[in-house]
Structure formats: C-alpha cells, structure tokens
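Below is one structure, written out as structure tokens, with a few remarks after it.
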Number of protein chains: 2
Amino acid sequence: MTLTYAILALLVDFPQSGYDLTKSFAGSIGFFWKATHQQIYRELARLEDKQWIHAEAIAQDGRPDKKLYRLSETGRAALMKWIVEPCEMAPVKDELLIKVFVGELVSCTKLLQELERHRQLHQKKLATYLDLEQRFFPQPELLPLARKYRYVTLRQGIRYEQEWLAWCDETIQFLSAEVAVSVEA
Amino acid sequence: MTLTYAILALLVDFPQSGYDLTKSFAGSIGFFWKATHQQIYRELARLEDKQWIHAEAIAQDGRPDKKLYRLSETGRAALMKWIVEPCEMAPVKDELLIKVFVGELVSCTKLLQELERHRQLHQKKLATYLDLEQRFFPQPELLPLARKYRYVTLRQGIRYEQEWLAWCDETIQFLSAEVAVSVEA
DNA sequence: ATTGCTTATGCAATAAATTGCATTTGATCA
DNA sequence: TGATCAAATGCAATTTATTGCATAAGCAAT
C-alpha cells in the first residue's frame, strides 16, 4: 500500500506522532497523497507490528500523551527498496471532467460557473505553491540534495496548477462563445 | 459514488452492456476515471435496483447472452442533478512524487532512469491524445455542442500530459547536474 | 460555569475497491 | 484434438477507505 511508504517517507527526517503526521499530510507530501487521521493511526499500528517503526510514549504536561514514531532501520530499508521499484503512472480520477464530458445535459451557464469556481481554486493553490517556492527554495541549484528533491516535487505542483488554470481559461473562452450564440438566437 | 455517474454518463448516447462499458472505460471517460469490470457489474446491479437504468437481455448467436443497459428517465434526471452540483478539485495521488520526495535515499541514477521511463510513458499517452484530437475533432468550433464538451476534456488530457513531459524534462536536467558533480568528485 | 477549540488517539460500522477464481460459447491455430 | 483466446458475466474473500462517534485534557473567552 502506498500509504505505508508515504508515512515512512514523512518519518525520514524526524520522528512524529500520528497527530503530527495528520498535519504533515495537509502540506508537503499531502500535496500529492492525502490521508485521514483514521488511515494514519491504523497504518501506524500495522507498521509498528512489522517493526518498521518504533513508538515512544511521550508524557506531556497539559496535552494527552503522544506516541512519537521513529523510523527503524528495517523500515528505512523497506522504504529504500520501494523507492527504486518502478511504478505506474498515477491514474487520473476527476469528477469535474466527467461532468464536463456530458455537459450538454445541463445549462452551459451553470457549467461555466463551476469552471470559473475551479479556476479560482486552482489559482489559489498555485499562489500557495509559488509562495512556498519563493520562501523555501531560493536558488534551487545551491540547495542540499534532499531539499532539491523536495523542490522538484513542488515544481510539479506548480506546473500542475498552471496547467489547470490554462485549461480553465481556454475552456471558459471556448464555451462562452456557445452561450453568446444561444443568446443571439 | 462517482462511478455511478461515470456509468450513467457513458449510457447517455446509447445503451451498452457491462462488457461494452468495461471497454469504454479503457478510452473516453476512462482517461479520467478508471473502473474494473467487477466494479462495473456491481454498480450496474445497483443502478438497475434503483431503476436508473433498465436491462434488456439480448440473445446472440455464438456469444453468451448480453444485457444491454439503457439509461432511464429517472437515471437521466439523477445524472443532470449531479452534474450541476459543485465538486471538489480532484485530489492528486501520485506514487512517483512520493518516491522523488525522498529521492536522496537512493541512487540518483536509478531515479533518473525511472523519470526517463515516465517521460516516455507520458509522451506515448500524449501522442495518443493528439492523434484522437486530429482524427475526431477537426475544426472544434464547428462541432455540435455535445462533441465540443468531449473535445475540451480531451484538451485537458493533452495539456496534462504536456505538463508532465515538461516537468520530467526539467527535473531530469536539474538532477543530471547532480550526477555529473558526483562523478567529477 | 459552560461553551467551544486544539491536541491527541482510537473503535466500530459501512462502503468501496481489489484480487482470485469460475463459467459459457465459439473462434482460431498449431 | 487440445490449447488458448475473446466475448460476456459474476461470486467470494480480502483489503482499503470513509464516516460517525467517543474520549480525555487543557486553554480561552463569554
């Protein structure tokens, strides 16, 4: 399961609790792999079972105890082995495109509104990514190796959002002509 | 469930059997929503239960019988209702990016090989899409409305693959410098 | 005081996806 | 004549994911 390795990957740099990981899945790796806290806790239990990670209970003043999970040597080895295995291209799963695919069933104006909304969502996400790029990855050539790898995944996010934005623009323009015509008639 | 509506969408133009649908999911809508025959048959049973589709048994000479499923009025209405509901941006789920994210754990050369492989996969897919565009969507402005909608979803596929290709190129170049350095040393 | 938020974890039930197997009929090929 | 492939459908078991709920402890604000 990929989630397994996404978690291991997040534990490479430093140990984290289930709660921490849940947060991490909101940023960094979460930009290309989502997981809920339920999935994470279940998976952590399994990983501990396999001894790929080790838990350390941390008593905290105030907060409830937390379990800090640390990548074990076996876990690190498993991760390394997984990384070099070839993988498939990610299958696309996109609701919006299904809707557009049979868009002729509903009002074009309605669809255009939804496209405009998505345009804005993508623009916002792009802005977030560009901000991260500026703040954390200035002069990418000078970064240490590990940061370079993080950087290129961010670049993928940026390009992806730019692509969507461009498509939304193109499509909105293309379909707007359609509305104009039906108003004329 | 989105699969529900993906199937309904495929039945808009003409009735199809489970087997036909499985094929359709390899092309057209399958470019942005995948489904196995198991999922499809199960979902067809449910949809018939709900009366969103109606089956008609077709005796064939030679082949086993097939059940042709036709979209009902209720089904069509349900589809229309779904289309105009706003939806989320598709969450990205990409194994390759997780691997790259912690790429420093393995040999850079190995990673570059995998990136090159993906570059080729994307190139191939792009070629398929471009071919479809040329063959089925010449002069897009002149297409009837329904075809225009199909067309713009193909455009999204094209742009998506182009984006990936560009990222692979950028990344391979960026990381190649790294290998060059380590060879020098 | 009580309401609500954040940190922190998890159970239980349901829903969905995946995987392996199984069947029927004919066509094709060696 | 036996093997295998394509069309066509489906059951059963397992694995994953989702959803709703639950707890516990402190902090902040009204």
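The structure displayed is predicted, hence computed values, not measured ones.
- Nearest to the side-chain atoms of A:Y19 among the listed nucleotides C:dT6, D:dT16, C:dA17 stands C:dT6.
- Nucleotides of DNA chain D nearest to B:K93 and B:S17 differ in position, and the one nearer the 5' end is that of B:S17.
- Below 30°, between 30° and 60°, or above 60°: for A:W82 and A:Y5 the angle between ring planes is below 30°, a parallel geometry.
- Here the P atom of nucleotide D:dA8 and the CG atom of B:L68 are 10 Å apart, to the nearest Å.
- If you check C:dT9, D:dT9, C:dT18 against the side chain of A:K67, the one that comes closest is C:dT9.
- The side chain of B:T36 places no N or O atom within less than 4.0 Å of a non-bridging phosphate oxygen (OP1 or OP2) of C:dA17.
- Remark: B:R46 is not in phosphate contact with C:dA15, judged by side-chain N or O atoms under 4.0 Å from OP1 or OP2.
- You'll find that the side chain of A:K66 is closest to C:dA8, out of C:dA8, C:dT18, D:dT18.
- Residue A:E88 contributes atom CD, which lies 14 Å from atom C1' of C:dT18 at whole-angstrom precision.
- As judged by a 4.0 angstrom heavy-atom cut-off over every strand, A:K23 is placed among residues touching the sugar-phosphate backbone only.
- Taking atom CZ of A:F25 as the reference point, atom C1' of D:dT18 lies 16 Å away to the nearest angstrom.
- Judged by the 6.0 Å and 45° rule, A:K34 forms no cation-pi pair with A:F25.
- Contact check, A:Q39 against D:dT18: a side-chain N or O comes under 4.0 Å of OP1 or OP2.
- One interatomic measurement links the two molecules: CD1 of A:I40 to P of D:dA17, which rounds to 11 Å at whole-angstrom precision.
- Across the protein-nucleic acid pair, A:W33 atom CH2 and D:dA17 atom C1' stand 12 Å apart, rounded to whole Å.
- A tilted orientation is assigned to the rings of B:H118 and B:H122, their planes being inclined by 30° to 60°.
- Residue B:M1 contributes atom CE, which lies 16 Å from atom C1' of D:dT19 at whole-angstrom precision.
- Across the protein-nucleic acid pair, A:R42 atom CZ and D:dT18 atom P stand 9 Å apart, rounded to whole Å.
- When distances are taken from the side chain of B:Y41 to each of D:dT16, D:dA8, C:dA8, the shortest belongs to D:dA8.
- Residue pairs meeting the salt bridge (Lys or Arg N to Asp or Glu O under 4.0 Å) criterion with at least one partner in residues 86-107 of chain B, sequence neighbours excluded, are A:R150-B:E104.
- The interatomic distance linking B:I7 (CD1) with C:dA17 (P) rounds to 10 Å, in whole Å.
- In plain terms, the two heavy atoms of B:F32 and A:I98 that are nearest each other are CE1-N, 3.6 Å.
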